Amino acid sequence: MLDEFKTWVGTIGGGLGAVSVVYTWLTSRSATNAAELQKHSELLTETTRRVDAIEGEMRHLPDKDTVHKMELAMAEIRGELGQMSASAQATQRTVQRIEAHLLDKEK
């Protein structure tokens, strides 16, 4: 009976050892996975913070319709400046003719 007991104790001890190895292996992988998940969670939090900051800055920028309106307004201003330049040149020529006439009259 003692031999039979020793056999069962040895078998049970071996089984418990195998279960202990499997448990240790599973829990160590779980700890590694938990650390990996924590690292990814921190990275996701940082990325979310950065995206929020970019979105905040983007709110201040004009949209495509506003940019288009600004382009049209600048084209209109450019046309008006061209007209003003032509008018200023005409005025300059008139002033030069008046000045030349006055200088000729003095002689």
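The first residue of the sequence shown is numbered 1, and numbering continues consecutively from there. All values reported here derive from a predicted model rather than from experimental measurement.
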Find the distance between [atom1] ([X]) and [atom2] ([Y]) and round it off to the nearest 0.5 Å.
{"X": "Leu43", "Y": "Glu46", "atom1": "CG", "atom2": "CD", "result": "8.0 Å"}
{"X": "Thr11", "Y": "Leu16", "atom1": "OG1", "atom2": "CG", "result": "11.0 Å"}
{"X": "Leu102", "Y": "Arg97", "atom1": "CG", "atom2": "CZ", "result": "13.0 Å"}
{"X": "Glu57", "Y": "Arg59", "atom1": "CD", "atom2": "CZ", "result": "10.0 Å"}
{"X": "Arg78", "Y": "Glu71", "atom1": "CZ", "atom2": "CD", "result": "9.5 Å"}
{"X": "Asp52", "Y": "Thr47", "atom1": "CG", "atom2": "OG1", "result": "11.0 Å"}

Open item on the list: Check for me, please, whether Met58 and Val51 land in the same ILVMFWY cluster - side-chain distances under 4.5 Å, paths through other members count.
Closed with: no
Open item on the list: Within the 4.5 Å heavy-atom criterion, are Thr45 and Arg49 side-chain neighbours or not?
Closed with: no
TODO: Kindly say whether Ala90 contributes a backbone atom to a donor-acceptor pair with the side chain of Thr94 at under 3.5 angstrom?
DONE: yes
Open item on the list: Has Ser87 got a side-chain atom pairing as donor or acceptor with Gln83's backbone, closer than 3.5 angstrom?
Closed with: no
- [ ] Please step through salt bridge (Lys or Arg N to Asp or Glu O under 4.0 Å) for the pair Lys39 and Glu36, ending with a clear verdict.
- [x] CA-CA 5 Å; Lys39 185 169 50 171; Glu36 238 357 83; 3.5 Å; yes
